[in-house]
2 protein chains.
Amino acid sequence: MKIDPKNPADLSAQIAKAIRDAIISGALPVDERLPSEAELADQFEVSRPTVREALKRLAAQSLIRTQRGATGGAFVNRLKFEDAYGQQITTSTLLLSMNEISFATACEARYALERACAPLSAKRRTADHLATMRAETHRQAQPGLTDEAFCASDVAFHRALVDAAGNPVLSYQLAGAVEAMQPLMNMITFSARSRERIVQMHTTIADAIEATDGSTADAILAELAEYTQELAQNVISQREAARHTNGAD
Amino acid sequence: MKIDPKNPADLSAQIAKAIRDAIISGALPVDERLPSEAELADQFEVSRPTVREALKRLAAQSLIRTQRGATGGAFVNRLKFEDAYGQQITTSTLLLSMNEISFATACEARYALERACAPLSAKRRTADHLATMRAETHRQAQPGLTDEAFCASDVAFHRALVDAAGNPVLSYQLAGAVEAMQPLMNMITFSARSRERIVQMHTTIADAIEATDGSTADAILAELAEYTQELAQNVISQREAARHTNGAD
DNA sequence: GACGTTTAATTGTCTGACAAATGAAAATTG
DNA sequence: CAATTTTCATTTGTCAGACAATTAAACGTC
């Protein structure tokens, strides 16, 4: 665990990297207590504020947690799936909003990943997952639901579908893809007719999952992917048209 | 952009959250310069070191970049895919190593996701992707290759397969799953016979992708998933046996 | 032995300071 | 006047020392 003292410009980043590498390599096991900030400052021959900046970098990645008090200090954190979810969603959301990712690209990725889950979900779904899917489907059928609420329920439905696969790694990977799509989905205005069709597809998917029929679920998901693209395309076309008539740039 | 001054224990975390929310919401556009550390300290009514800790948290997530000098400061960073890759791989690797994720679970997730790419890769693969897949397959056939080198080439092959789908969101999502598996894969010792079989499957997959035959690629990937599980199972069984004969715990 | 008190260790924050980098403005020079 | 050099102000990076808040262990008291 060494740093390069020749370059006194990136000290806190170097220290963070040194500790991070030690954690990743397993040299620092979970729940191991790091030396106190003062000791680290001595070891690396830097000041305490510099050490603190390094520790904050690691804390931002949930790699360590800190505790005050006599037996306190910084501890190697067991990275929980829920912590990772949050980071993944933040990162995915920013990637999509900052990199001119088209709706089509994001949508394709989301449904491709989701379809990968379908066979597993059909095999392993529990009553709980099915209940969530049914409940969300019912909610989506209620009149007077705002578009945002409809989207949120849509996300909940699809998360239940993914979680039904019973594979936490898949759930983690897909949390980002599904949740990050939500801001994009919120741009779509769902007419009563389109909602009806979506609810019908959700019902069919839930039926298929209940009947452990993965291939039907997969097929409907493919159809849903196409329909979602179609809806988005309509919104985009309408905006284009409005832009031309208004004469705005 | 406000913080709660009543709780003077988490100031830097609160400030980081306030700025992060502003970035995610779009209130702070890309390349926008944040106020200087001194100004932020005034705004939030905290000291400069506290502001700095908050900024370091954001820098660790690649949300901002900093520059010294007269016109320097902290700028909202356009999150690049490559930056996101790195974070995703780090997070995925730690999740797998810290949470007692079984090889079976990780392997299932990886191949499920990869199979989601297969139809798209078959449709869109370029000569470049095919060349990479062929080159890596040839490398894997060379005798005298270490297990680590074989695994690395395996990862390169599968990344080319994923990239061939031409969807950066998919590539990003899968980078984590594929790369994070590598430490687990490295535990497997590949016999000459098993390598031969894997190379053969890779060749068949490359052939299918070249022939834009997504379903064959999918089928072979399923077979490869099963075979990988089988190899891993053998390693685990052998270790169990060795443990019993040695009498170690 | 149970319970309250003290104490030491540790993080969180503050103040003030200096060094290094960097671009802009000012001064100099042809 | 134009080009170049110098100076300077701004900003981040780091340091030193200090105090407050928190926490658990050690201690003393009943």
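Below, chain A is the first sequence line, B the second, and so on; all start at residue 1.
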Side-chain atoms of B:Arg52 come closest, of D:dG13, C:dA24, D:dA24, to D:dG13
Indicate whether OP1 or OP2 belonging to D:dG13 is found under 4.0 Å from a side-chain N or O atom of B:Thr66.
-> yes
Check your understanding: Think A:Ser36 has a side-chain N or O under 4.0 angstrom from the OP1 or OP2 of C:dA9?
Key -> no
When rounded to whole Å, the CG to P distance for the pair B:Leu11 and C:dT11 reads 17 Å
Rounded to whole Å, CG of A:Leu40 lies from C1' of C:dT10 at a distance of 12 Å
* Asked: Parallel under 30°, tilted from 30 to 60°, perpendicular over 60°: which one fits the rings of A:Phe150 and A:Phe190?
  -> tilted
Taken to the nearest whole Å, CG/A:Leu55 to C1'/C:dT13 is 15 Å
Result for 5'-nearest mapping on DNA chain D, choosing between A:Ser12 and B:Gly69, is B:Gly69
- prompt: Going by atom types only, do B:Ser171 and B:Asp163 share a side-chain donor-acceptor pair under 3.5 Å?
  reply: yes
Rounded to whole Å, the CZ-C1' distance (A:Arg48 to C:dT15) equals 14 Å
Side-chain atoms of B:Lys56 come closest, of D:dT14, C:dT15, D:dG13, to D:dG13
Just checking A:Arg65: base, sugar-phosphate only, or nothing, at a heavy-atom cut-off of under 4.0 Å? nothing
Rounded to whole Å, CG of B:Leu34 lies from C1' of D:dT10 at a distance of 16 Å
Rounded to whole Å, the CD-P distance (A:Glu39 to C:dA8) equals 18 Å
Here the distance between atom C1' of C:dA21 and atom CZ of B:Arg68, to the nearest Å, is 5 Å
Testing C:dT13, C:dT11, C:dA24 for proximity to the side chain of B:Thr71, the answer is C:dA24
Per atom distances to the B:Arg33 side chain, the nearest of D:dT11, C:dT13, D:dT10 is D:dT11
Ranking D:dC15, C:dT22, D:dG13 by distance to the side chain of B:Glu37, first place goes to D:dG13
Hits for salt bridge (charged side-chain N to carboxylate O under 4.0 Å, His left out) against A:Arg52, two or more places apart or cross-chain, chain-then-number order -> A:Glu37, B:Glu53
Kindly indicate whether a cation-pi arrangement holds for A:Arg110 with A:Phe103, taking the cut-offs as under 6.0 Å to the six-membered ring centre and within 45° of the axis.
-> no
Heavy-atom closest pair (A:Ser12 atom, A:Thr50 atom, distance to 0.1 Å) is CB-O, 3.7 Å
Of the listed D:dT14, C:dT13, D:dA16, the closest approach to the A:Pro49 side chain comes from D:dA16
Comparing A:Gln67 with A:Ala13, nearest DNA chain D nucleotide closer to 5' gives the residue A:Ala13
When rounded to whole Å, the CD to P distance for the pair A:Glu53 and D:dT14 reads 6 Å
